[in-house]
S.K.: 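Let me begin by handing over the structure; questions about it come next.
Remember, it's a predicted structure, so these values are computed and weren't measured experimentally. Naming: A, B, ... by sequence-line order, numbering from 1 per chain.
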There are 2 protein chains.
Amino acid sequence: MSDLAAPGDHNGPESGLAYLRVADDIAARIASGELAPGTRLRAERELAEYYEVSYGTIRRAAEILRERGLIQTIHGRGTFVS
Amino acid sequence: MSDLAAPGDHNGPESGLAYLRVADDIAARIASGELAPGTRLRAERELAEYYEVSYGTIRRAAEILRERGLIQTIHGRGTFVS
DNA sequence: CCCGATTTGTGCGTATGTATC
DNA sequence: AGATACATACGCACAAATCGG
């Protein structure tokens with residue numbers, strides 16, 4: 001599965017910083033086309049469960065992706081791939 | 001602009017305690033009218049980045065400003081100039 | 001027009017580990 | 001040894017925006 005709209009299992013070699021690990025993973029999925037532009041990501045709190053990190057960590061990762069222009073977040077609606 | 005709702009750059013002569021430096025800076029901005037009453041400050045975690053200090057230091061600075069009656073913090077809403 | 005569900009936004013309190021003074 | 005500060009991270013509570021019924 002590979003997409004962030006359908007949970008499965010997660011993986012990661014526990015490399016360093018949690019928020020970077022998450023940000024890089026999502027960025028890779030966008031780059032690979034797995035997450036197409038316009039696609040809505042799962043809710044931040046769901047991503048937290050998916051990645052097994054806290055909500056705050058997801059918010060950090062999202063902030064990074066926002067700065068990179070990879071995603072766009074709308075209050076009350078969700079987060080979308082740019 | 002120089003407001004805490006739109007980042008720019010910052011600089012400081014590393015004078016003494018970090019939380020006092022931050023508190024004094026914000027107090028000065030309020031005193032100068034740069035931050036008008038009712039204005040909402042940026043999120044504490046953003047202020048941490050802005051001032052290049054840790055989140056805990058921002059919380060400490062905010063506590064001081066609250067005691068001085070310069071700001072008012074509302075859970076879930078934000079911090080406002082009194 | 002209001003109500004409730006969903007989702008993002010913000011603040012609160014705390015913990016761990018590291019570095020510096 | 002102790003105090004100050006930083007960086008990261010967790011979990012929770014409350015608030016606000018959006019959408020559908």
S.K.: Can you check the Arg21(B) CZ to dC6(D) C1' distance for me, whole Å?
M.R.: 12 Å

S.K.: Rounded off to whole Å, could you give me the CD-to-P distance for the Glu49(A) and dG11(D) pair?
M.R.: 10 Å

S.K.: Nearest-Å distance, CZ (Phe80(A)) to C1' (dC19(D))?
M.R.: 12 Å

S.K.: Mind listing the residues from residues 64-75 of chain B sitting with a heavy atom below 4.0 Å of DNA chain C? Number order is fine.
M.R.: Thr73(B), Ile74(B), His75(B)

S.K.: Please determine if a side-chain N or O atom of Arg77(B) lies less than 4.0 Å away from the OP1 or OP2 oxygen of dA16(D).
M.R.: yes

S.K.: Identify whether Leu20(A) and Tyr55(A) are in the same connected component of the hydrophobic contact network (ILVMFWY, side-chain heavy atoms under 4.5 Å).
M.R.: no

S.K.: In whole Å, what is the span from the CD1 atom of Ile58(B) to the C1' atom of dT10(C)?
M.R.: 14 Å

S.K.: So if I define the base as every atom that isn't primed, P, OP1 or OP2, how would nucleotides 14-21 of chain C read as a B/S/- string at a heavy-atom cutoff under 4.0 Å?
M.R.: --------

S.K.: Between protein and nucleic acid, restricted to nucleotides 2-5 of chain C and to nitrogen or oxygen atoms under 3.5 Å apart, what atom pairs and distances do you find?
M.R.:
none

S.K.: Are Arg21(B) and Asp25(B) close enough that some pair of their side-chain heavy atoms sits under 4.5 Å apart?
M.R.: no

S.K.: Just distance, no hydrogens or angles: give the donor-acceptor pairs under 3.5 Å from side chains in residues 56-68 of chain A, sequence neighbours left out.
M.R.:
residue  : atom : partner  : partner atom : Å
Thr57(A) : OG1  : Ser54(A) : OG           : 3.1
Arg59(A) : NH1  : Glu44(A) : OE1          : 3.4
Arg59(A) : NH1  : Glu44(A) : OE2          : 3.4
Arg66(A) : NE   : Thr73(A) : OG1          : 3.1

S.K.: Measure from CZ on Arg42(B) to C1' on dG9(C) and round the result to the nearest Å.
M.R.: 15 Å

S.K.: Which part of the nucleic acid does Gly56(A) contact within heavy-atom distance under 4.0 Å: base, sugar-phosphate only, or nothing?
M.R.: nothing

S.K.: So, do Ile30(A) and Thr39(A) sit near enough that their side-chain heavy atoms are less than 4.5 Å apart?
M.R.: no

S.K.: How long is the gap from CD1 on Ile26(B) to CG on Leu41(B), to the nearest 0.5 Å?
M.R.: 5.5 Å

S.K.: Applying a strict under-4.5 Å side-chain criterion to I, L, V, M, F, W and Y, I'd like to know whether Leu70(A) and Val22(A) cluster together.
M.R.: yes

S.K.: Measure from CD on Glu46(A) to P on dT8(C) and round the result to the nearest Å.
M.R.: 9 Å

S.K.: Does Glu49(B) have any salt bridge (charged side-chain N to carboxylate O under 4.0 Å, His left out) partners at least two apart in sequence or in another chain, and if so, which?
M.R.: none

S.K.: Is it the case that the side chain of Ser82(A) and the backbone of Gly69(A) share a donor-acceptor pair, with hydrogens and angles ignored and the cut-off at 3.5 Å?
M.R.: yes

S.K.: Hey, what do you get for CD (Gln72(A)) to OG1 (Thr79(A)), rounding to the nearest 0.5 Å?
M.R.: 9.5 Å

S.K.: Following the transitive rule for hydrophobic clusters with a side-chain heavy-atom cut-off under 4.5 Å over Ile, Leu, Val, Met, Phe, Trp and Tyr, establish whether Val53(A) and Tyr50(A) coincide in one cluster.
M.R.: yes

S.K.: Please report, rounded to the nearest Å, how far the C1' atom of dA7(D) is from the CD atom of Glu52(B).
M.R.: 14 Å

S.K.: Does a side-chain N or O from Thr79(B) land closer than 4.0 Å to OP1 or OP2 of dG11(C), or not?
M.R.: yes

S.K.: Dump every N/O contact between nucleotides 1-5 of chain D and the protein below 3.5 Å, one line per pair.
M.R.:
residue : atom : partner  : partner atom : Å
dA5(D)  : OP1  : Ala18(B) : N            : 3.0
dA5(D)  : OP2  : Arg60(B) : NH1          : 3.1

S.K.: Please state whether the base of dG9(C) and the side chain of Arg45(A) form at least one donor-acceptor pair under 3.5 Å?
M.R.: yes

S.K.: If you draw a 6.0 Å radius around CD in Glu46(B), do more than 12 non-hydrogen atoms from other residues or ligands fall strictly inside?
M.R.: yes

S.K.: Rounded to whole angstrom units, what separation is found between the CG atom of Leu47(B) and the C1' atom of dT10(C)?
M.R.: 12 Å

